[in-house]
*Asks:* 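Attaching a single structure in structure tokens format; questions to follow.
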Amino acid sequence: MTEKLLTENFDRNFAEIKENIEKAAKKAWKNPNDIILLAATKTVDIELINYAIDSGIEYIGENRVQEFLSKKDGYAPCHRHFIGHLQTNKVKDIVPFVELIHSVDSVHLAKEISKVSLKLNKVTDILLEVNIGDEESKSGFKTEELEENLREIAKFEGIRVRGLMAIPPICETPQQNIKYFSKMQKLFIDIAGKKIDNSSMDFLSMGMSGDYACAIENGANIVRIGTALFGKRDYTKK
Ligand SMILES: *Cc1c(COP(=O)(O)O)cnc(C)c1O
């Protein structure tokens with residue numbers, strides 16, 4: 001696709017998504033400005049990402065370490081998040097350059113982020129990933145083990161737990177997702193109510209291209225959107 005078509009498509013997609021976010025936020029009695037639209041930028045060329053940032057995208061998220069490292073010096077100013085599975089041996093490559101890690105799925109990983117952050121004299125914000133569909137193939141804490149693990153992680157210095165993240169099972173319709181989103185919302189509210197030291201439930205990161213409106217209606221305040229913004233991913237490039 002030509003550059004011009006890509007940016008025109010982006011403009012149209014972005015306008016539509018902003019409108020949908022606004023509608024969903026209003027349904028949930030929330031201020032649309034409190035919903036963070038995070039552009040999931042995997043496989044997207046840096047030129048298009050920077051066009052998006054120029055157009056008003058403030059948050060971007062990468063999910064592969066290698067790809068993030070190859071792009072990181074090229075991004076226009078923006079808030080950078082890491083949203084993918086992170087191995088402990090890659091923590092030192094990511095921590096210096098991101099504001100929030102969405103996908104902390106073990107005590108072991110949290111401990112490593114703590115260690116690296118302390119060395120850098122920084123406090124890294126993290127979200128705990130919840131395996132809300134209890135799927136074998138997915139990472140994340142089981143709902144029934146979340147509180148216990150959060151209590152342990154919250155003790156580590158150099159990190160601050162800021163909320164929860166989930167990738168629910170693939171559903172046929174957004175309606176089927178409601179079940180998982182509302183389970184997450186309940187879990188989020190329950191955990192927030194426990195007021196665990198060194199943790200605050202500020203962010204609930206859930207909802208992607210096909211179901212972000214539904215996620216917002218069920219309490220999400222960060223939605224991670226790739227395809228609906230940038231079009232279908234081309235994995236054959238590069
Ligand atoms: C790619 C990705 C998204 C965005 O997915 P789309 O369906 O393209 O919107 C969201 N979250 C994570 C963790 C991702 O890797």
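Order of listing sets the numbers, starting from 1, for every ligand and every atom in it. Since we're looking at a predicted model, the values are computed, not measured.
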*Asks:* Taking only heavy atoms of Thr227, which atoms of ligand 1 are found under 4.0 Å from at least one of them?
*Replies:* 6 (P), 7 (O), 8 (O), 9 (O)
*Asks:* Considering only the protein, which heavy-atom contact is closest to atom 6 (P) of ligand 1, and what is its distance?
*Replies:* Ser209 OG, 3.4 Å
*Asks:* Against heavy atoms of Ala40, which atoms of ligand 1 measure under 4.0 Å?
*Replies:* 3 (C), 4 (C)
*Asks:* Note the single closest protein heavy atom to atom 13 (C) of ligand 1, along with its residue, its atom name and the distance in Å.
*Replies:* Ile83 O, 3.4 Å
*Asks:* Tell me if a side-chain donor or acceptor on Ser103 pairs with a main-chain N or O of Gly84 at a distance below 3.5 Å.
*Replies:* yes
*Asks:* What is the nearest protein non-hydrogen atom to atom 2 (C) of ligand 1, stated with its residue, atom name and distance?
*Replies:* Lys42 NZ, 2.4 Å
*Asks:* Is the shortest distance from a heavy atom of Arg233 to ligand 1 less than 4.0 Å?
*Replies:* yes
*Asks:* Could you find the nearest protein heavy atom to atom 11 (N) of ligand 1 and give me its residue, atom name and distance?
*Replies:* Arg224 NE, 2.9 Å
*Asks:* Can you report which non-hydrogen protein atom sits closest to atom 5 (O) of ligand 1, along with the distance?
*Replies:* Met208 SD, 3.9 Å
*Asks:* Using the six-membered ring wherever Trp is involved, compare the ring planes of Phe10 and Tyr51 and label them parallel, tilted or perpendicular (cut-offs 30° and 60°).
*Replies:* perpendicular
*Asks:* With Phe230, which of Thr41, Thr43, Asn13, Ile225 fulfils side-chain contact (heavy atoms from CB on, under 4.5 Å)?
*Replies:* Thr41
*Asks:* I'd like to know if Arg151 and Glu148 make a salt bridge, using a cut-off of under 4.0 Å between side-chain N and carboxylate O.
*Replies:* no
*Asks:* Atoms of ligand 1 less than 4.0 Å from Ile225 heavy atoms?
*Replies:* 9 (O)
*Asks:* Would you call the rings of His102 and His81 parallel, tilted or perpendicular, where under 30° means parallel and over 60° means perpendicular?
*Replies:* tilted
*Asks:* Give the numbers and elements of all ligand 1 atoms closer than 4.0 Å to a heavy atom of Asn63.
*Replies:* 15 (O)
*Asks:* With Lys72 as the cation and Tyr75 as the aromatic partner, state whether NZ or CZ is under 6.0 Å from the six-membered ring centre and within 45° of the axis.
*Replies:* no
*Asks:* With the threshold set at 4.0 Å, does a side-chain nitrogen-carboxylate oxygen contact exist between Lys26 and Glu22?
*Replies:* yes
*Asks:* I want to know if ligand 1 touches Gly226 in the polar sense, i.e. an N/O pair below 3.5 angstrom.
*Replies:* yes
*Asks:* One thing to verify: whether Asp190 and Lys194 come together as a salt bridge, which I'm taking to mean a side-chain N less than 4.0 angstrom from a carboxylate O.
*Replies:* no
